[in-house]
2 protein chains.
Amino acid sequence: MTQNGAEFRVAVDLVVLTVRDGTLAVLLVRRGIPPYRGRWALPGGFVLPDEDLPAAAARELAEETGLAGPAGHLEQLATYGRPARDPRGRVVSVAYLALLPDLPVPVAGSDAAAARWVPRARIGALAFDHARILADGVERARAKLEYTPLATAFCPPEFTVGALREVYESVWGRPLDARNFHRKVTGTPGFVVPTGGADAGGRGRPARRYRRGPAALLHPPMLRDRGDPAADTV
Amino acid sequence: MTQNGAEFRVAVDLVVLTVRDGTLAVLLVRRGIPPYRGRWALPGGFVLPDEDLPAAAARELAEETGLAGPAGHLEQLATYGRPARDPRGRVVSVAYLALLPDLPVPVAGSDAAAARWVPRARIGALAFDHARILADGVERARAKLEYTPLATAFCPPEFTVGALREVYESVWGRPLDARNFHRKVTGTPGFVVPTGGADAGGRGRPARRYRRGPAALLHPPMLRDRGDPAADTV
DNA sequence: ACTAATTATCGTCACTACGACGAAAATTGG
DNA sequence: CCAATTTTCGTCGTAGTGACGATAATTAGT
């Protein structure tokens, strides 16, 4: 045990995901200052002296998206602290994963430079070790769709089974059978509850609307086939 | 985004688990200095100025157990940073989860005060927020037994199906059917591979010996019933 | 208005996996 | 030699799933 610790700065970085136009998109900001000036990076910033970690993550999320309400989902992802990960010095970054519905288009930088939704397939080099953090975040999201009703965090409060299926397909990167998916979602207790309304205006038969159900875990889980590791277009 | 971060100290704390005598046990140390002097705590310490986080965790684990080799399992758990969690000041702790076979009895403090395996059911109040960290670690271990071959990390290199079942029963806190467990373990591709040897000396029929197989994930997972939330004797 | 295309929803069927349990094999302890 | 114990192999009924057929309810096109 070391008696006295060295001094570090602590940051939070956010992996903010949404589903737009049938693909997984990530919220990125373009850095306006060195290091990595001009490079795309995950939104984030330093933790304030008396600020709790989840509060810091929520604050950064609100600053970057203009969203404050309890919509979506926010959870701690992992912590990254390689000594050389930040050229400014020893910075330990606690990464958070946020899942949001598409609607709240990021208010282009209330603070930082331009913030944009970037489809995951078109992301190039990122600043710092953010590529790794992003990869970990996407994998976490993919895994959690299996055994939690978290996919609903990508949807507005009311949604259709088809919209929920689009979330799964976008995040997992593979098509699902609409009929089996419908059976699974409506048959798993507590996953979704019907609101009574219907969703007119679409092309085909109007779909019933649902809200997120009370279940915290899906039983049994909805397993993705890992036999054929999804063609992951990075 | 905040321009300059405040200064923090960064620690690693370890949730070290093993299975002894059919129960889950946790490695604890008795604090020799304030704060919480005399209280039991998770082993841990400050990260060195140029040390990577996994390296710090591995170092503390080696210091506390005398174990250096690649036996067992070590993974990052979560990070705890409540402003008031340490009376000495702002300390952010990155917790790691370690799973070890029973054999390496902790060398009673090469550095800290007494280190001991404590059965989980007999743990009282812990220092800092270590009770919460421990609870998170146990839940992580429980969950990972479902979909990974991680239970083998609690076993020596060669083990029997019965020993592996004891691990599951100890960690989950509920009995499993020996016949169905045997079918599942030997039938899941890559979970375990037979070594050819047998385990004489026990009471009943000698059991075949196995090694950990190449699989990283179990397909399909071995789900614990969550219907009846394990009588968790805390 | 009628038809084609489209999407949602309901059903069927075969197969896998699992829980509950029987039974045989192979040992130790008395 | 017998009882107890533990391992290992089977059996049976049921739940869950993938593949896919069929029907319902709408929009787009002619």
Side-chain angles (χ1 to χ4, degrees), chain A residues 22 145-147 155 158-170 172 174-210 215 217-228 230, chain B residues 22 145-147 155 158-170 172 174-210 215 217-228 230:
Chain A
L145 290 204
E146 289 195 320
Y147 58 94
C155 297
E158 285 200 14
F159 52 86
T160 67
V161 176
L164 193 62
R165 178 166 50 85
E166 189 183 297
V167 168
Y168 273 89
E169 291 178 333
S170 303
W172 284 353
R174 81 174 56 188
L176 299 175
D177 184 276
R179 298 158 292 187
N180 292 337
F181 183 84
H182 188 278
R183 176 180 60 191
K184 178 68 178 173
V185 168
T186 57
T188 301
F191 194 172
V192 296
V193 293
T195 65
D199 190 75
R203 234 185 303 258
R205 170 176 173 173
R208 297 183 191 147
R209 276 199 288 260
Y210 294 86
L217 263 353
L218 301 185
H219 291 293
M222 178 161 12
L223 299 178
R224 49 182 165 159
D225 269 349
R226 283 182 183 97
D228 168 31
Chain B
L145 292 203
E146 288 194 321
Y147 58 94
C155 299
E158 284 199 15
F159 52 87
T160 67
V161 175
L164 193 62
R165 179 165 50 85
E166 189 182 298
V167 168
Y168 273 89
E169 292 179 331
S170 304
W172 284 352
R174 80 175 56 186
L176 299 175
D177 184 276
R179 299 157 294 187
N180 292 337
F181 184 84
H182 188 278
R183 176 181 60 188
K184 178 67 179 172
V185 168
T186 58
T188 300
F191 193 171
V192 296
V193 294
T195 66
D199 190 73
R203 234 185 305 258
R205 170 175 174 174
R208 296 184 191 146
R209 276 200 287 262
Y210 293 86
L217 266 348
L218 302 184
H219 289 293
M222 178 160 14
L223 298 179
R224 52 183 162 156
D225 269 349
R226 284 181 182 99
D228 169 33

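Residue numbers begin at 1 in each chain, while the letters A, B, ... track the order of the sequences. Because only heavy atoms are used, hydrogens play no part in the values below, and waters and symmetry mates are left out as well, while side chains stay in.
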Residue [X], side-chain atoms from C-beta onward, closest of [options]:
X      : options               : value
A/R203 : C/dA8, D/dC9, C/dT6   : C/dT6
B/R165 : C/dC21, D/dT7, C/dA8  : D/dT7
B/K184 : C/dC18, C/dC21, D/dT7 : C/dC18
B/P220 : D/dG16, C/dT9, C/dC18 : C/dC18

Just checking B/R183: base, sugar-phosphate only, or nothing, at a heavy-atom cut-off of under 4.0 Å?
base
Under 4.0 Å between any heavy atoms, over every strand shown, what does A/G201 touch: base, sugar-phosphate, or nothing? Just pick one.
nothing
Could you give the [atom1]-to-[atom2] distance, from [X] to [N], as a whole number of Å?
X      : N      : atom1 : atom2 : value
A/R208 : D/dT26 : CZ    : P     : 12 Å
A/H219 : C/dC18 : NE2   : P     : 15 Å
B/L223 : D/dG16 : CG    : P     : 11 Å
A/F159 : C/dT7  : CZ    : P     : 20 Å
B/F191 : C/dA17 : CZ    : P     : 15 Å
A/D199 : C/dT6  : CG    : C1'   : 14 Å
B/D177 : C/dA23 : CG    : C1'   : 14 Å
B/R224 : C/dC18 : CZ    : C1'   : 18 Å

Judged by each residue's nearest nucleotide on DNA chain D, which is more toward the 5′ side, B/N180 or B/G162?
B/G162
Just N and O in the side chain of [X]: are any of them under 4.0 Å from OP1 or OP2 of [N]?
X      : N      : value
A/R179 : D/dT17 : no
B/H182 : D/dT8  : yes
B/R205 : C/dA25 : no

Ignoring hydrogens, what is the shortest heavy-atom contact between [X] and [Y]? Give both atom names and the distance.
X      : Y      : result
A/R209 : A/A198 : NH1-O, 3.0 Å
A/P189 : A/H219 : CD-O, 4.4 Å
A/E146 : A/L218 : O-CD1, 4.0 Å
B/T186 : B/Y210 : CG2-OH, 3.7 Å
A/L145 : A/Y168 : O-OH, 2.9 Å

Please compare B/G204 and A/R209 by the position of their nearest nucleotide in DNA chain C and report the one closer to 5'.
A/R209
